[in-house]
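Just below is one structure, and these are the notes that go with it.
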Amino acid sequence: MYGEKKGGKKMFDKLEDLLLRYSELMQELASPEVTGDQNRFRKLMKEQSELAPVVETYTAYKKAKETIEDSLVMLEEENDAEMRELLKEELSGAKQEVEELEQKLKILLLPKDPNDDKDVVVEIRAGAGGDEAALFAAEMYRLYVHYAERQRWKVELVSVDEIGIGGMKEVSFMISGQGAYSKLKYESGVHRVQRVPETESGGRIHTSTITVAVMPEVEEVDVVIDEKDIRIDVMRASGNGGQCVNTTDSAVRLTHYPTGIVVYSQTEKSQLQNKEKAFALLRAKLYDIEQQKAHNAEAELRRSQIGTGDRSEKIRTYNFPQGRVTDHRIGLTLYKLDKIMDGDIQEILDACIAADQAIRLSKLNEEG
């Protein structure tokens, strides 16, 4: 059978099972019993939308395989030279399509990160470079806000520690939208900026750094926090929050005794809303700690991902004098810094996703 390499039968058996499940789903979704149960309907629709790309690709693959078989039969029976050339062209095109679709199917069947569909909590901290690092942190915050707007995602500020010249020592925010974690998870790490600060009279290029942490937002059932482990403080919000925010005890600070983590939320007028945001941020941080522990314990997994996954890893450099951005994990350099700083980072993220898939496919082939 053309295109079925070693280990292929197992893959195609799985695809046939998925095709059968998809057919069952379509029947279930059409039944009045399901359409009348909104929770069940939503659950089945989610499964259907996840299976649809696999089923569509596999259907196209089977059609291309049929074209190959039909062309081979017709070539054996056809004597007309011109017709034979047309059949050979059709056969060649179908073979190429089968190879491309088989590769696409392998990617679609790669084990999915269970966090990929989750919303994210992003934390940006200024590192080395003083005020210049804080200014770059503010620019990176705007970059992610603009990227989220392009994706039609929702952004909610949780807390910010600003400096007078427009910089941010630290900023935490939430991004809600389909596939937010699947794309933004590649942004975690150290981002380095090289440029001449406005305050630099000698024209010397300075290097500053910021750290970006992208964490999946987790539900209360995923991370259980013991009330005895928490201290809750309420206070007046500081900074630019508006009159109502600054004149009421609406800001909430949580201190988690076992880890020493302190989180702060001040952006909402309601103390309850700030408390909810603070707990969401704390859950994300605690979940992230467990993820990092598991990650560090599995050296093999670390080798099968883009970069080391370590938060201290330098992942990208933004060189303003040369107008370039370099992602060190995948060796990608782009000369469109202005567009990137305005949130146009899809090309970088796509390259990271493709590189990650290539590494995982290679690992799968080695095991197979």
Side-chain angles (χ1 to χ4, degrees), residues 2-15 18 50-61 64-65 93-118 120 147 151 178-191 212 214 216 291-292 294-317 324-336 340 344-368:
Y2 183 83
E4 289 191 13
K5 303 177 180 66
K6 185 181 177 183
K9 191 173 189 308
K10 187 178 178 182
M11 181 177 96
F12 289 103
D13 286 344
K14 184 175 181 179
L15 284 164
L18 292 176
E50 287 173 354
L51 283 180
V54 181
V55 170
E56 287 166 12
T57 305
Y58 185 44
T59 303
Y61 172 88
K65 289 290 293 291
K95 282 183 175 180
Q96 186 178 340
E97 188 180 4
V98 159
E99 287 180 7
E100 289 171 357
L101 289 170
E102 186 172 339
Q103 186 71 4
K104 188 176 177 182
L105 284 168
K106 284 180 180 178
I107 290 169
L108 286 168
L109 290 175
L110 281 172
K112 194 176 177 183
D113 185 332
N115 293 318
D116 274 354
D117 290 331
K118 292 182 178 177
V120 298
Y147 177 71
Q151 302 295 312
Q178 188 176 0
Y181 185 75
S182 69
K183 295 177 182 177
L184 291 174
K185 63 183 176 182
Y186 299 101
E187 292 300 295
S188 284
V190 176
H191 296 244
V212 175
V214 178
Q291 291 281 94
Q292 288 293 310
H295 173 82
N296 293 335
E298 297 173 19
E300 191 60 38
L301 173 64
R302 196 161 63 244
R303 283 195 290 272
S304 70
Q305 293 177 336
I306 291 298
T308 65
D310 193 317
R311 287 287 148 76
S312 62
E313 180 192 15
K314 181 185 71 179
I315 65 164
R316 201 173 296 150
T317 296
R324 67 171 167 83
V325 175
T326 300
D327 195 293
H328 305 289
R329 298 163 297 179
I330 54 176
L332 174 71
T333 296
L334 299 173
Y335 288 88
K336 55 173 193 178
I340 287 168
D344 185 7
I345 57 171
Q346 194 60 56
E347 187 175 351
I348 298 174
L349 298 182
D350 286 343
C352 287
I353 291 167
D356 188 35
Q357 288 172 344
I359 291 169
R360 291 198 290 149
L361 274 175
S362 175
K363 192 168 180 291
L364 205 64
N365 291 335
E366 285 174 16
E367 291 171 354

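Each residue takes its place number in the sequence, starting with 1. Just so you know, these numbers come straight off a predicted model, no measurement behind them.
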Could you state the interatomic distance from [atom1] ([X]) to [atom2] ([Y]), rounded to the nearest 0.5 Å?
{"X": "E99", "Y": "Y61", "atom1": "CD", "atom2": "OH", "answer": "10.0 Å"}
{"X": "R324", "Y": "Y335", "atom1": "CZ", "atom2": "OH", "answer": "5.5 Å"}
{"X": "L18", "Y": "L105", "atom1": "CG", "atom2": "CG", "answer": "10.0 Å"}

Does any part of the side chain of [Y], heavy atoms only, come nearer than 4.5 Å to the side chain of [X], both counted from C-beta?
{"X": "Q357", "Y": "L110", "value": "yes"}
{"X": "T317", "Y": "D327", "value": "no"}
{"X": "R360", "Y": "I107", "value": "no"}
{"X": "Y186", "Y": "I315", "value": "no"}
{"X": "D113", "Y": "K185", "value": "yes"}
{"X": "V54", "Y": "L15", "value": "yes"}
{"X": "E102", "Y": "M11", "value": "yes"}
{"X": "E347", "Y": "I340", "value": "no"}

#### Entry: Contacts of type salt bridge (charged side-chain N to carboxylate O under 4.0 Å, His left out), residue K104, not counting sequence neighbours
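K104 satisfies salt bridge (charged side-chain N to carboxylate O under 4.0 Å, His left out) with no other residue.
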Residues at least two apart in sequence or cross-chain that pass salt bridge (charged side-chain N to carboxylate O under 4.0 Å, His left out) with K183, listed by chain then number, are none
Which residues pass the side chain to side chain contact (heavy atoms under 4.5 Å, CB included) test with [X], sequence neighbours left out?
{"X": "Q103", "value": "K106, L361"}
{"X": "D344", "value": "R150, K336, K339"}
{"X": "Q178", "value": "none"}

Any idea which heavy atoms bring [X] and [Y] closest together, and the distance?
{"X": "A94", "Y": "A64", "answer": "CB-O, 3.8 Å"}
{"X": "V214", "Y": "S188", "answer": "N-OG, 2.9 Å"}
{"X": "I330", "Y": "A355", "answer": "CG2-CB, 3.6 Å"}

For S182, the side-chain hydrogen bond (donor to acceptor under 3.5 Å, both in side chains) test, sequence neighbours excluded, returns none
Paired with R316, the side-chain contact (heavy atoms from CB on, under 4.5 Å) test is passed by just one of V190, T326, I348, L332, namely I348
Applied to residues 50-59, the side-chain hydrogen bond (donor to acceptor under 3.5 Å, both in side chains) test, sequence neighbours excluded, yields E16-Y58, K46-E50
Please enumerate all residues that pass ring-ring contact (aromatic ring centres under 6.0 Å, His included) together with Y147, with sequence neighbours excluded.
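Y147 satisfies ring-ring contact (aromatic ring centres under 6.0 Å, His included) with W153 once adjacent residues are dropped.
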